[in-house]
Undergrad: 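The structure is given below, and queries will be raised subsequently.
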Amino acid sequence: MTLASQLLTWYYENARDLPWRQNNDAYKVWVSEIMLQQTRVEAVKNYYTRWMERFPTLDTLARSSEQEVLTYWQGLGYYSRARNLLLGVREVCARYDGKVPDNAAEILRLPGVGEYTAGAIASIAYNRPVPAVDGNVLRIFSRLFCIEDDITKQGTKRKIHGLIQNCMPKEQPGNFNQALMDLGSAICIPGHPRCSLCPLTKYCEAYAREVQDVLPVRPPRKQPLHVTLASGIVKNGESLLVRQRPSTGLLAKMWEFPSIELEKNSAPSAMLPALIKADLAQEIVLGQKLFHCIHTFSHRKWDITFFDCRWLDGGALPPFARWLPISEITSLPWAGPHLKAAAALFK
DNA sequence: AAACCGGGGAT
DNA sequence: ATCCCAGGTTT
């Protein structure tokens, strides 16, 4: 009995029933793999189903607008994933006649596709025997071979990639890779793995040495930078003043209420009207606080307060801003904290 | 190699 | 309060 056959036997009995496992269509595998990057299965399920109802084929997606695509990604995070996926399917239409290339090397060249995703698509959709090294796989193999190197280092990933090539079956490479995901999700979990349920304990060096709880090794994360912001809710009739964020950087191209980062100890009372006047050519008077929230990103923590603003007068808006009817709030892709405020204030 | 890029569920 | 998730791109 090999490690692979042991794992596959376990998988036949324990594979999760997931929406993107109904077939191995390359477009569907692609979408699911991009959505799943740094994102939990439970969070992806509903997004994936809604996505496939709206963009059922690669061609449908390729002909859709970036703004609509971002709206369907709203809330999933890492929005460059959606923009790159759109660029990717358009490239497949232009260069590959609308058919996803059937090998990892060509898939790897598509925007938003790295080593892991190329391996996942090639193995699951096209039965190519290539590894797909994600966080689950790094964790499982660091334990199987008792690897104490920092798993975030490139060299460690290369080492594990090589180990997988040695135990990867020629048949069912897609099931093998997906079995590792399910094992990592249900059994070989971070912290205290459920070794009593694991089909691979007889191959596991960490289990033999009883060090599974301290593997894998990775450096501690840096704490997010704290930023204070003020934002203005400007209402003109039944419309709200909104603007689109720049095309690069945090929450690129997402929409928000006009806002500014505050210097330490500065009052928003003067800053916010001045900003709205300078950037958006609107005259407002600052009112009371309407909503406050703290929103933590991976590398930044926003402390943002939304102020009621009385609209007095104004000229034409710049192209990146508009008056948005309250009834159309959900038709735009929003910066997360601003959607929280909109939902609380205009429900 | 290190920094950037979101959001939330589990512990 | 901390961890970390079916990672990729940019600097």
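The structure displayed is predicted, hence computed values, not measured ones. Letters A, B, ... are given to chains in the order of the sequence lines, protein chains preceding strands, and every chain is numbered from 1.
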Undergrad: Rounding to a whole Å, what distance do you find between A:Tyr78:OH and B:dG8:C1'?
TA: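 The answer, rounded to whole Å, is 12 Å.
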Undergrad: Can you list the residues that meet the salt bridge (charged side-chain N to carboxylate O under 4.0 Å, His left out) rule with A:Asp313, with sequence neighbours excluded?
TA: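 Partners of A:Asp313 by the salt bridge (charged side-chain N to carboxylate O under 4.0 Å, His left out) criterion come out as none, since no residue qualifies.
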Undergrad: Given atom CD1 of A:Ile294 and atom C1' of B:dG8, what is their separation to the nearest angstrom?
TA: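 Rounded to the whole Å, the gap is 16 Å.
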Undergrad: Which value, in whole Å, describes the distance between the P atoms of nucleotides B:dG6 and C:dT10?
TA: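 Each nucleotide's P atom is 14 Å from the other's.
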Undergrad: Can you list, in residue-number order, the parts of residues 9-42 of chain A that come under 4.0 Å of DNA chain C, counting heavy atoms only?
TA: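 Correct list: A:Arg16, A:Leu18, A:Trp20, A:Arg21, A:Glu33, A:Leu36, A:Gln37, A:Gln38, A:Arg40, A:Val41.
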Undergrad: Between A:Ser298 and A:Asn84, which has a closest nucleotide on DNA chain C that is more 5'?
TA: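 Looking at the nearest nucleotide for each, A:Ser298 comes out on the 5' side.
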Undergrad: Nearest whole angstrom, please: distance from the P of B:dG6 to the CG of A:Leu70.
TA: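 After rounding, the gap between these two atoms is 11 Å.
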Undergrad: In whole Å, measure the gap between the P atoms of B:dT11 and C:dA6 for me.
TA: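 About 13 Å, rounded to a whole number of Å.
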Undergrad: To the nearest Å, how far apart are A:Arg300 CZ and B:dC5 P?
TA: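 These atoms are roughly 7 Å apart.
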Undergrad: Does some side-chain heavy atom of A:Trp51 sit less than 4.5 Å from a side-chain heavy atom of A:Val69?
TA: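 The answer is yes, as the side chains (C-beta and beyond) meet within the 4.5 Å cut-off.
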Undergrad: Parallel under 30°, tilted from 30 to 60°, perpendicular over 60°: which one fits the rings of A:Phe297 and A:His299?
TA: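 Geometry flag for A:His299 against A:Phe297: tilted rings.
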Undergrad: Rounding to a whole Å, what distance do you find between A:Arg81:CZ and B:dG6:C1'?
TA: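 From A:Arg81 CZ to B:dG6 C1': 8 Å.
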Undergrad: Checking A:Thr296 now: which residues fulfil side chain to side chain donor-acceptor pair (under 3.5 Å) with it, not counting sequence neighbours?
TA: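 Checked A:Thr296 against side chain to side chain donor-acceptor pair (under 3.5 Å); zero matches.
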Undergrad: Checking A:Asn177 side chain against A:Val130 main chain: does a donor-acceptor pair fall under 3.5 Å?
TA: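 Between the backbone of A:Val130 and the side chain of A:Asn177 there is a qualifying donor-acceptor contact (under 3.5 Å).
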Undergrad: Looking across every strand, which nucleic acid part, if any, lies under 4.0 Å from A:Gly191 by heavy atom: base, sugar-phosphate, or nothing?
TA: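 Counting heavy atoms under 4.0 Å across all strands, no contact is made by A:Gly191.
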Undergrad: Quick check: do A:Ile233 and A:Phe291 have side-chain heavy atoms less than 4.5 Å from each other?
TA: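 When only atoms from C-beta onward are counted, A:Phe291 and A:Ile233 do not touch, as no gap falls below 4.5 Å.
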Undergrad: Could you list the cluster mates of A:Phe320? Members are the ILVMFWY residues connected by side-chain heavy atoms closer than 4.5 Å, either directly or through other members.
TA: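 Once heavy-atom contacts under 4.5 Å are chained together, A:Phe320 belongs with A:Val234, A:Leu241, A:Ile260, A:Leu262, A:Met271, A:Leu272, A:Leu275, A:Ile276, A:Leu280, A:Ile284, A:Leu286, A:Phe307, A:Trp311, A:Leu317, A:Trp323.
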Undergrad: Can you measure A:Lys45 atom NZ to B:dG9 atom C1' for me and round it to whole angstrom units?
TA: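 Distance check: A:Lys45 NZ to B:dG9 C1' gives 14 Å.
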Undergrad: Using chain A heavy atoms and a threshold of under 4.0 Å, write down where along DNA chain C the contacts begin and end, 5' to 3'.
TA: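 Endpoints of the contacted stretch of DNA chain C: C:dC4 to C:dT9.
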Undergrad: Please confirm whether the shortest side-chain N or O distance from A:His299 to OP1 or OP2 of B:dC5 is below 4.0 Å.
TA: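 Yes, because at least one side-chain N or O of A:His299 sits under 4.0 Å from OP1 or OP2 of B:dC5.
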Undergrad: Listed by chain and number, what are the salt bridge (charged side-chain N to carboxylate O under 4.0 Å, His left out) partners of A:Glu42, not counting sequence neighbours?
TA: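 By the salt bridge (charged side-chain N to carboxylate O under 4.0 Å, His left out) rule, A:Glu42 matches A:Lys45.
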Undergrad: Are A:Met254 and A:Leu339 close enough that some pair of their side-chain heavy atoms sits under 4.5 Å apart?
TA: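 When only atoms from C-beta onward are counted, A:Leu339 and A:Met254 do not touch, as no gap falls below 4.5 Å.
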Undergrad: With sugar-phosphate meaning primed atoms plus P, OP1 and OP2, does A:Ser185 contact a base, only sugar-phosphate, or nothing at under 4.0 Å between heavy atoms?
TA: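 Since no nucleic acid heavy atom lies under 4.0 Å of A:Ser185, the category is nothing.
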Undergrad: For A:Ser80, which contact category applies under a 4.0 Å heavy-atom criterion: base, sugar-phosphate, or nothing?
TA: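 The residue A:Ser80 makes no contact with any strand.
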Undergrad: Measure NZ/A:Lys340 against P/B:dG6 and give the value in whole Å, please.
TA: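 A:Lys340 atom NZ is separated from B:dG6 atom P by 14 Å.
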Undergrad: In whole angstrom, what separates A:Arg221's CZ from B:dC5's C1'?
TA: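 About 13 Å, once rounded to whole Å.
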